[in-house]
Amino acid sequence: VYQVFESVAKKYDVMNDSMTLGIHRVWKDILVHKMNPSPGTLLLDVAGGTGDIAFRFINYVRASRERQLQRKLRHHQNLSWQEISESYQEDKSNSLGDSQVVVCDINKEMLKVGKQKAQHLGYSAGLSWVLGNAEELPFDDDKFDVYTIAFGIRNVTRIDLALQEAYRVLKPGGRFLCLEFSHVSNPLLSRLYDLYSFQVIPVLGEVIAGDWKSYQYLVESIRRFPPQEEFKAMIEDAGFFKVDYQNLNFGIVAIHSGFKL
Amino acid sequence: SVLRFPLSPPQRPLHASVVLRRTSDERQKEPGAASSQFDSGPGPLPEQESRGPHPSYTGQGGQESEDFESEEQLQHRILTAALEFVPEHGWTAEAIAEGAKTLGLSSAAAGMFHSDGSELILHFVSQCNTKLSEMLEQEQKLVQLGEAEKKPMDQFLRDAVEARLRMLIPYIEKWPQALSILLLPHNIPSSLNLLTSMIDDIWHYAGDQSTDFNWYTRRAVLTGVYNTTELVMLQDSSPDFEDTWRFLENRVADVMNMGSTANQVQSTGEALVQGLMGAAVTIKNLAGMNQRR
């Protein structure tokens with residue numbers, strides 16, 4: 001698995017766009033929207049390599065924070081000049097409202113690409129990059145408000161261990177969110193999807209990234225991943241409550257959510 | 001039955017989760033004394049249960065009773081805690097997040113609820129209705145024990161509606177927002193249910209002093225009084241809402257008059273019919289048809 005991602009790292013984003021025809025961006029947007037993070041949230045994004053979820057999180061929280069500050073200002077009429085200038089300063093220094101995201105990935109190459117992207121796009125505050133294994137996270141217990149893993153969990157050898165680690169590092173009340181390829185129940189769509197996966201994707205892999213084998217692996221790992229209900233049961237086994245899933249695009253992708261209560 | 005849970009240290013939710021799994025395995029025990037069921041209206045949380053029947057509260061005395069808590073109860077606690085933040089944040093997911101934080105939970109716990117704040121509002125309405133029922137129950141007990149006078153019907157109705165509306169006062173600024181959310185299609189069944197059961201409750205405690213109304217009419221009439229008074233209250237800026245209570249007084253008086261008008265109509269009707277009968281008999285006499293030879 002490690003070598004797959006080493007070779008895949010640089011072209012990861014391009015491949016994502018071409019394989020899913022850009023829809024993966026929508027899926028990730030939906031994930032962050034579902035999270036609805038409030039300013040001050042501490043997010044751990046596992047297997048988050050190139051930072052897609054992390055950047056979206058930062059954007060969301062920033063916008064949310066701006067709205068919050070606007071509402072506060074509207075409520076406080078008759079401020080003195082001193083108070084107004086103080087609020088602007090607070091604005092500048094705390095545009096994220098103390099929210100933070102830690103991106104954790106097992107693969108150095110993916111993290112490198114992610115850091116470069118962050119620099120390029122201008123993301124700096126509230127972002128950290130940590131090398132780590134989902135089955136054995138280098139973090140203390142009860143640390144994070146939200147744990148996300150987008151298109152990463154199917155690559156983990158011991159999914160149950162990853163789920164247990166997720167449970168461990170989340171604060172009480174914290175939320176587990178997983179965005180992953182899942183099973184399509186509609187038979188017609190399923191056949192089309194299979195056709196696309198096995199015939200088109202490896203070809204794209206060869207053409208764009210020069211790597212047929214990795215993308216063959218990718219498609220097979222998607223097929224091997226447990227279906228929605230089974231994965232939900234696994235999440236419950238790890239100790240999460242109110243576990244639920246939402247199918248996107250008829251089950252091509254599903255978002256599973258659970259709470260540590 | 002009022003929600004009353006001991007304040008828990010931050011460790012408790014973890015403990016509760018361990019214990020929740022045990023309770024879901026032993027589903028046969030009966031719910032204990034301090035359950036969180038509301039008597040008026042349905043549970044305000046139309047959540048889909050992902051694991052079959054709700055793990056129920058099994059507060060049997062002795063062993064581990066006090067710390068048991070189900071998901072639903074935890075949700076109620078979060079919503080109750082969130083009410084404190086409504087004046088500042090409105091009926092929103094943010095208020096719920098702040099509420100969760102005061103219980104030692106992460107703000108992400110607000111993700112358990114709908115993002116438009118529906119459940120928070122329904123929870124609040126349900127709580128108010130429960131409080132009202134308890135108040136009326138208390139009053140009734142006092143009257144039965146002879147410690148208080150039984151109120152005349154109009155006074156009773158006025159006091160009950162006023163008491164219920166006064167519960168809105170701390171949240172009055174954000175209440176219009178709440179009303180508009182309650183009118184959303186997916187909330188209407190629950191909100192309507194809560195409203196009608198509250199009105200029914202009031203009539204129940206008003207006793208069966210005959211007013212010649214049938215059940216539907218009484219319900220509709222009092223609902224109308226309640227709704228219009230609520231709307232007036234939202235725009236009232238008089239000290240302690242005097243104008244609203246005066247409006248309420250007039251509406252209740254209308255209700256009482258309506259009763260007597262119906263009486264009058266009925267007795268007028270009877271008188272009319274008798275008059276007609278009398279006229280018919282007179283005509284028959286004149287025409288000589290009533291003679292019996």
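Protein chains get the first letters and strands the later ones, always in sequence-line order, with residue 1 at the start of each. In what follows, every heavy atom counts, from backbone to side chain, and hydrogens, waters and symmetry copies are set aside. Owing to the predicted nature of the structure, the values given are computational and were not obtained by experimental measurement.
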Task: Over 12 foreign heavy atoms within 6.0 Å of CD, B/E242 - done: yes
Open item on the list: Would you compute the distance between atom OG of B/S106 and atom CZ of A/F259 and round it to the nearest 0.5 angstrom?
Closed with: 9.0 Å
TODO: Name the member of A/R175, A/M35, A/K171 that forms the most heavy-atom pairs with chain B at distances under 4.5 Å.
DONE: A/R175
- [ ] With rounding to the nearest 0.5 Å, note down the distance linking CG in A/L261 to CD in B/Q75.
- [x] 8.0 Å
Task: Point-to-point distance, once rounded to the nearest 0.5 Å, from OG of B/S115 to NE2 of A/H33 - done: 6.5 Å
- [ ] Considering non-hydrogen atoms only, spot the tightest contact between A/S38 and B/A97 and give its length.
- [x] OG-CB, 4.4 Å
Task: Side chain to side chain, A/T41 and B/S107, heavy atoms closer than 4.5 Å - done: yes
Open item on the list: For the CD atom of A/Q68 and the NE2 atom of B/H89, what is their distance to the nearest 0.5 Å?
Closed with: 6.5 Å
TODO: Count the heavy atoms belonging to other residues, nucleotides or ligands that lie under 6.0 Å from CD of A/Q246, then report whether that count exceeds 12.
DONE: yes
TODO: Counting only heavy atoms closer than 4.5 Å, note whether A/D145 contacts chain B via side chain, backbone, both or neither.
DONE: both
Task: Side chain / backbone / both / neither for B/A93 at chain A, heavy atoms under 4.5 Å - done: side chain
Task: Over all atoms of both residues, closest heavy-atom pair of A/F241 and B/E71 - done: CD2-OE2, 3.3 Å
